[in-house]
Each structure stands twice: as structure tokens, then as C-alpha cells.
Amino acid sequence: MEMPVPNADVIARKAQLVDGLARILPAGAVISEVSETRAYECDALTAYRCPPLAVVLPRTTQEVSAVLKLCHAMGVPVVPRGSGTSLAGGALPTADSVVLGVARMNDVLETDYDNRFIRVQTGRTNLSVTGAVEQDDFFYAPDPSSQLACAIAGNIAMNSGGAHCLKYGVTTNNLLGVTVVLMDGTVTEIGGAFLDSGGLDLLGLICGSEGQLGVVTEATLRILRKPEGARPVLMGFDSNEVAGACVSDIIKAGVLPVAIEFMDRPCIEACEAFAKAGYPMCEALLIVEVEGSADEIDEQLAVILDIARRHNPVELREAKDADEAGRIWLGRKSAFGAMGQINDYMCLDGTIPVTALPHVLKRIGELGKQYGLGVANVFHAGDGNMHPLILFDANKPGDLELCEAMGADVLRLCVEVGGCLTGEHGVGIEKRDLMVDQFDPADLEAQMAVKDVFDPNWLLNPAKVFPLAVSQSRRHVALAAE
Ligand SMILES: Cc1cc2nc3c(=O)[nH]c(=O)nc-3n(C[C@H](O)[C@H](O)[C@H](O)COP(=O)(O)OP(=O)(O)OC[C@H]3O[C@@H](n4cnc5c(N)ncnc54)[C@H](O)[C@@H]3O)c2cc1C
């Protein structure tokens, strides 16, 4: 992966920059020693690393505004960061940048059960949003597998999803309003506390903008009443294709499970060895969960089980109690950790039409053979969001490059069947150069024109989302015009 050329002039002014930051932030909020900035040199895409010039950890929107104003005046790029769990390299610094981490901004600002919203600072972790309201039987629906660690900031930037988003939608469907600080330090409010706030849908623009348009410091989130109950079913099949066809038939039937998760054999074996969840050793597993009252659950499951039986399952296990439900989910929830214990892997994230699942799974298997690399598939099958994990050996010269080439082919395949390059992890650095496979030059130009409006000097989160050569030249044009 090519890295951007750092601005030598900015690096030469590091002492002046650090001094300026220390004047506007409280003690302990500026990190500039290389030994300490190394903790911020990568996110969860650990193959790429680059220590930033400095890191700042503000506590308030006003402090964020002051940092951006200073960096804007000095022409210093800024990389917003939540918890650093991006799998797309979205929070990877450049050598001439300041990382602006919001981890210390984690307060609950307001909870309104009557109007069903909670307002938080965006450094708050996803799971602790539900943690703040669950005693009153409410929850925040988007549930990335990384929810214990990832922050609402990153969730908004990446428009994150999770296992239960089939029914509740992803972050954008659960976000009501934000406070955003623009690169020049201007603080703006977008959206509000209710579903539609009128005017242009700027909230839709901010959500999923990957830190390209502004730094989100506060968010108003929709909270929901906890369902009366939920019940998962574990289904085993003797091929990926049959499992894929079963998913397709469930969706076609019009029932709406809260989640449909898919795991293939390599993933089942790794999860079982790691979590001992009692999974059967078969070619493909589905976990289908429905929720509601006991009658609603029975009614939906009757339809789903009937469809499953038509696909000759080798296992059909309905959870009878909370303990069994927990065990069904245990393996799936530890899938990434389990794979990480036995192999280096690159986790892809593409979306396809659900009906294309059997074809795409078959092609991924063929690509694995062509490249000589193992693949484990685990994904949110109900909404067509695939996560093939390509297995490689980080210590073997050339293996990472091979893995990247295969990953690019898999993502092109997603686009080819009518899907897109990303489902929930974002573009980051990982897919920036593949954007040309999904968008023609006019589409890309329109997207970059939006960035021009919010961040005319191209200082926010550089070298991400847009093909490197294009975004570099855009930044140079902006610098030359100053
Ligand atoms: C084990 C594992 C499982 C995962 N499972 C899922 C999953 O199920 N679903 C899913 O969607 N993702 C998943 N992810 C990916 C990741 O957790 C999400 O992308 C998450 O939303 C990132 O949040 P973060 O706070 O860690 O953001 P970071 O990694 O810190 O940053 C992510 C992006 O957000 C931008 N950003 C951060 N803070 C701000 C801000 N305040 N304002 C503007 N932009 C900002 C960054 O610049 C970057 O582009 C998983 C990751 C791991 C490691």
C-alpha cells in the first residue's frame, strides 16, 4: 500500500505546533514523544503503521474546535480517532498529522425516555450507550462485534452495522443529530432529537463520511424498548451454496429475523476450538434469530424452520432457554478472535444482493484456490454484508501483497454482482484505490466536490477514501491556491 508523501514543512514546525497545542489544552492532553505516539500508529488494520507528529486528547467540543482552528491556521492535517478499531485503516495517521482522539469525551449528556433518545459525547463506547439505559429496559440497536471497544464517533464515521442490523438498520437509521466541528474550528449542529429535522439531509452526509468532512463530538441517538424476548436457531448445511440459498429464501418469504449470521467450515472449526460452543462440524452454519412476544417468535420460527427443512439441514437446533441461546451466539461472537489465534488474516467487507450469495461464495472459494490462500467466511448474511477472512502468513515475504490482490478481486466481484465495496467497515486506505471500480470519474468528482465545501484545504483525514493519486493532487492544488 502506497503511503502519502508527508509535508516536510509541517514536520519541521513540530515544536511550534506542540507548543501551540499545549497552550490551548489542559495538561496531559498533548502527546508528542515518539515512544508514546506509537500507541496511535495504527488501527485494527495493523499491517500499516505510521506514528503521527502528535496526539491530542480533548474533553470538550470547545477544545476540539481550538485544536482544529490551530491546525487549520498552520496547515497541519488532522486524523480523527475514536477507539482505533477500524479494519479499513480509517484512523491510520500520516507522518505530518495530528491525531485527534475523542476517547476522553465519553459523557452521557441527556437521556429522554419519553422521546426515546440519548445524547452522548462521541468517545463513548457503543456498548456503554446501551449500558446507560438498559436498567430502564431500553437499548441502542446497532451492535458491531467490536461494540465493547469501538466508539460512537467511529460508528458514525463508518456508518457501522452489526448482527442485529437486519431488523433495526445500521448507524444512520439510529442517528438523530450531531455536533460537528469543521476543519476551521466552526461548531455546527446537524439534525436534532427527532426523526426528521427538515432541510437537506446533511446528517445522512455526515454519517459514513469517514472523518472527511468534520469531527463529530456529540451525537443524539435513537434508543428502543427492549423486545419481550428473542430466540436463535442454529442451522447446519452440507454446503455453502445450500446455506446461501436458504438465506435467500428466508428473505424472499417476507419474515424479518433480527439477525441471520453465516459461518463456513474453516470458521466453524476455529470458533469451536476457541469457544467450545457445541457447533456441529458441517460445511456451513446459519444463526437465525427472531424476537418479539412468545407467540410472535413461534409464528416467525414456524415459517423459517419450514424453509430450512426444505434445504435438508444436517442440524436444526432451536434454543430452548437463555443458556442455549448464549451458547449458539458464543462461537459467532468470538469468530474474529478465534481466527486471529490460528492465522494472520485480512477481514474484507463487501455487500452483495442476497440472491447472489451462492454464486459469490462459490467464486470466493475459486479465487482462494487460484491465489493459494485459505478463506474463512463469516458474515451478516441477511443483509448481504460479507466478511471473507483471507488467511495469510505475515512473516512470509509476498504473502500480504498476495492477500491484498485477492481481496481486491473479491471486492470487485461484489461490485460486479451489483453490490458495493463496503458494507460497514468503510473505505479507509484499504479500498481507496478500488473506488474507481465502483464509481466513474464524474461520480468521484461529485463526492470530492462535497469534501471541497467542508474541508477546502483537504486537511482532514488525508489519504483516505479517494484514490491516493487523486486526493494528493487535490491537496496540492488547494495548498498552491493558498
Ligand atoms: C474484532 C472487530 C470486529 C468488528 N466488527 C464490526 C462489526 O460487526 N460491524 C462494523 O460495522 N464494524 C466492525 N468492526 C470495525 C470497527 O469496529 C468499526 O468501524 C467502528 O465503528 C470503528 O470505531 P472506532 O471508534 O474504533 O473508530 P476508529 O477506528 O478510531 O476510526 C474509524 C474512522 O472514524 C473516523 N473518526 C473517528 N472519530 C471521529 C470523529 N470524532 N469524527 C469524525 N470521524 C471520526 C476516523 O478518522 C476513521 O476514519 C470491527 C472491528 C474489529 C477489530
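Order of listing sets the numbers, starting from 1, for every ligand and every atom in it. Just so you know, residue 1 is the first one in the sequence shown, and it goes up from there.
- The local environment of CG in L148 is sparse, with at most 12 non-hydrogen atoms from other residues, nucleotides or ligands closer than 6.0 Å.
- Of all atoms in ligand 1, listed by their number and element, those nearer than 4.0 Å to a heavy atom of F336 are 1 (C), 2 (C), 3 (C).
- With ligand atoms numbered from 1 in the order given, ligand 1 contributes 42 (N), 43 (C) to contacts under 4.0 Å with heavy atoms of G214.
- At a heavy-atom cutoff of 4.0 Å, ligand 1 is contacted by the side chain of A44 but not by its backbone.
- Taking every heavy atom of N461 and a limit of under 4.0 angstrom, the matching atoms of ligand 1 come to 47 (O), 49 (O).
- In this structure, R81 does not pair ionically with D43, as no charged nitrogen and carboxylate oxygen lie closer than 4.0 Å.
- Those atoms of ligand 1 that come under 4.0 Å of a heavy atom in G211, given as number and element, are 43 (C), 44 (N).
- Ligand-side atoms of ligand 1 in range of A153: 38 (N), 39 (C), 40 (C), 41 (N), range being under 4.0 angstrom from any heavy atom.
- With values rounded to the nearest 0.5 angstrom, M263 atom CE is found 5.5 Å from C271 atom SG.
- Formation of a donor-acceptor pair under 3.5 Å by the N159 side chain with backbone atoms of C207 is not found in this model.
- When heavy-atom distances to ligand 1 are checked against a 4.0 Å cut-off, M158 comes that close only through its side chain, counted from C-beta outward.
- Residue K464 does not touch ligand 1, judged by heavy-atom distances below 4.0 Å.
- The protein atom (non-hydrogen) at minimum distance from atom 31 (O) of ligand 1 is A91 CB, 3.8 Å.
- Using cut-offs of 30° and 60° on the angle between ring planes, the pair F262 and F379 is parallel.
- Taking every non-hydrogen atom of E210 and a distance limit under 4.0 Å, the qualifying atoms of ligand 1 come out as 49 (O).
- By the criterion of a heavy-atom distance under 4.0 Å, both the backbone and the side chain of V215 are placed next to ligand 1.
- At a cut-off of 3.5 Å, with distance as the only test, no side-chain donor of E430 or H425 sits close to an acceptor on the other residue.
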